Engineer: 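So that we are looking at the same thing, I have put the structure below in structure tokens.
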Amino acid sequence: MNKNSAIKLCATVVCAASLGGLLSACVPLIVGGAAVGGALVATDRRTSGAQLEDEGIELRSIGRINENLGSRVHVNVTSYNRQVLLTGEVPSASDKQLVEQIVSRVENVRSVANELAVLGASSLTQRSSDALITGKVKAAMVDTKDLFANAFKVVTERGVVYLMGRVTQREADRATEIARSTGGVQKVVRLLEIISEEELQRTLPAPQS
């Protein structure tokens with residue numbers, strides 16, 4: 001890994017660790033690149049309205065899960081273009097189903113991918129490892145000349161990497177290759193919206209004169 005890659009990776013991991021420390025240990029919210037403002041909006045392939053909707057979905061989902069299940073579950077909610085990914089751990093199959101029902105009733109949710117595991121909550125060591133893997137995958141995407149890293153949301157849970165975004169088949173395959181070759185990754189799950197190369201060109205910002 002070159003010097004620039006190491007700097008990017010360190011910055012990503014520090015941000016992830018800082019975010020994790022600020023959020024609830026019971027139901028943390030993972031927001032993978034959904035911040036609205038500046039260059040990130042320009043490179044995000046969702047509309048600004050869709051980005052705001054996704055942030056609202058994540059916040060409302062977290063609030064309702066807390067209200068109904070409290071501290072007995074560890075659930076991460078990630079929304080991209082109104083498709084919601086649920087990761088983390090719950091103590092029973094009935095709790096897993098209940099979380100999905102709660103989130104599916106949140107305003108603007110289009111679909112729910114329920115990847116919750118019926119297990120005890122993951123340890124701080126495991127969560128730190130997952131944050132490191134996410135940082136490594138994102139750093140590798142940044143280093144890749146044929147990908148827009150901000151077109152992807154990367155979520156890692158117990159070594160499983162989930163990829164979300166609006167991308168072409170070429171980009172999907174390239175990102176999957178990168179994730180699979182990253183140390184510590186056990187599996188890659190793609191929750192991607194595939195668009196054509198023509199659609200991609202329409203999403204790109206116009207070149208500045």
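Since this is a predicted model, take the numbers as computed values, not measurements.
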Engineer: Under the side-chain hydrogen bond (donor to acceptor under 3.5 Å, both in side chains) test, which residues partner Q101, sequence neighbours left out?
Structural biologist: none

Engineer: Starting at CD1 of I195, measure out to CD of Q201 and round the result to the nearest 0.5 Å.
Structural biologist: 9.5 Å

Engineer: Testing the basics here: between E58 and S79, what is the closest heavy-atom pair and its distance to 0.1 Å?
Structural biologist: OE2-N, 2.9 Å

Engineer: Which residues pass the salt bridge (Lys or Arg N to Asp or Glu O under 4.0 Å) test with E89, not counting sequence neighbours?
Structural biologist: R158

Engineer: Using modelled atom types only, decide if a donor and an acceptor are shared between the side chain of N108 and the backbone of E53 within a distance under 3.5 Å.
Structural biologist: no

Engineer: Hey, could you give me the OG1/CD distance between T134 and E157, rounded to the nearest 0.5 Å?
Structural biologist: 9.5 Å

Engineer: Do I194 and V188 sit in one hydrophobic cluster, given that two such residues count as connected whenever their side-chain heavy atoms are within less than 4.5 Å of each other, even indirectly?
Structural biologist: yes

Engineer: Flag the pair R190 and D173 as a salt bridge only when some basic side-chain nitrogen lies within less than 4.0 angstrom of an acidic carboxylate oxygen.
Structural biologist: yes

Engineer: Kindly write out the residues that satisfy side-chain contact (heavy atoms from CB on, under 4.5 Å) with A175, not counting sequence neighbours, or none if the list is empty.
Structural biologist: M141, L147, F152, L163

Engineer: Considering residues at least two apart in sequence or located in another chain, which fulfil the side-chain contact (heavy atoms from CB on, under 4.5 Å) criterion with S123?
Structural biologist: T125, Q126

Engineer: Enter the distance from Y162:OH to T87:OG1 here, rounded to the nearest 0.5 Å.
Structural biologist: 6.5 Å

Engineer: Within this structure, what is the CZ-CG distance for the pair R170 and D146, rounded to the nearest 0.5 Å?
Structural biologist: 6.0 Å

Engineer: Closest heavy-atom contact between T168 and S196?
Structural biologist: CG2-O, 3.7 Å

Engineer: I'd like to check I102 versus S61 (side-chain heavy atoms, cut-off strictly below 4.5 Å). Are they in contact?
Structural biologist: no

Engineer: Looking only at heavy atoms, which two atoms of I178 and A140 are closest? And how far apart?
Structural biologist: CG2-CB, 3.5 Å

Engineer: Taking all non-hydrogen atoms of both residues into account, name the closest pair between A179 and V161 and its distance.
Structural biologist: CB-CG1, 4.2 Å

Engineer: According to side-chain hydrogen bond (donor to acceptor under 3.5 Å, both in side chains), does anything in residues 179-188 pair up with another residue at least two apart or in another chain? List the pairs.
Structural biologist: none

Engineer: Does a side-chain heavy-atom distance below 4.5 Å link L69 with L98?
Structural biologist: yes

Engineer: Please list, chain by chain and in numerical order, all residues satisfying side-chain hydrogen bond (donor to acceptor under 3.5 Å, both in side chains) with S92, sequence neighbours excluded.
Structural biologist: S94, D95

Engineer: Got V75 and V77 here, is their nearest side-chain heavy-atom distance under 4.5 Å?
Structural biologist: yes

Engineer: Any side-chain heavy atom of V109 within less than 4.5 Å of one from Q83?
Structural biologist: no

Engineer: Any salt bridge between E177 and R174, counting N to O under 4.0 Å?
Structural biologist: yes

Engineer: According to side-chain hydrogen bond (donor to acceptor under 3.5 Å, both in side chains), who are the partners of R105, at least two apart in sequence or on a separate chain?
Structural biologist: none

Engineer: Does D130 reach the main-chain N or O of G159 with its side chain, forming a donor-acceptor pair under 3.5 Å?
Structural biologist: yes

Engineer: State the OG1-CG distance between T176 and L192, to the nearest 0.5 angstrom.
Structural biologist: 6.5 Å

Engineer: Give the minimum heavy-atom separation between R45 and V167, together with the two atoms involved.
Structural biologist: NH1-CA, 3.6 Å

Engineer: Do the side chain of N150 and the main chain of D44 share a donor and acceptor less than 3.5 angstrom apart?
Structural biologist: no

Engineer: Under 3.5 Å, side chain of N114 to main-chain N/O of L116, donor-acceptor pair present?
Structural biologist: yes

Engineer: Going by side-chain hydrogen bond (donor to acceptor under 3.5 Å, both in side chains), name the residues that satisfy it together with R60, two or more places apart in sequence or in a different chain.
Structural biologist: E107

Engineer: Testing the basics here: between G183 and K136, what is the closest heavy-atom pair and its distance to 0.1 Å?
Structural biologist: O-NZ, 3.2 Å

Engineer: Could you state the interatomic distance from OG (S128) to CG (L132), rounded to the nearest 0.5 Å?
Structural biologist: 9.0 Å

Engineer: Enumerate the residue pairs fulfilling salt bridge (charged side-chain N to carboxylate O under 4.0 Å, His left out) with a member in residues 108-117, sequence neighbours excluded, ordered by first and then second residue.
Structural biologist: R110-E193

Engineer: Is there side-chain contact between N76 and V155, with heavy atoms separated by less than 4.5 Å?
Structural biologist: no

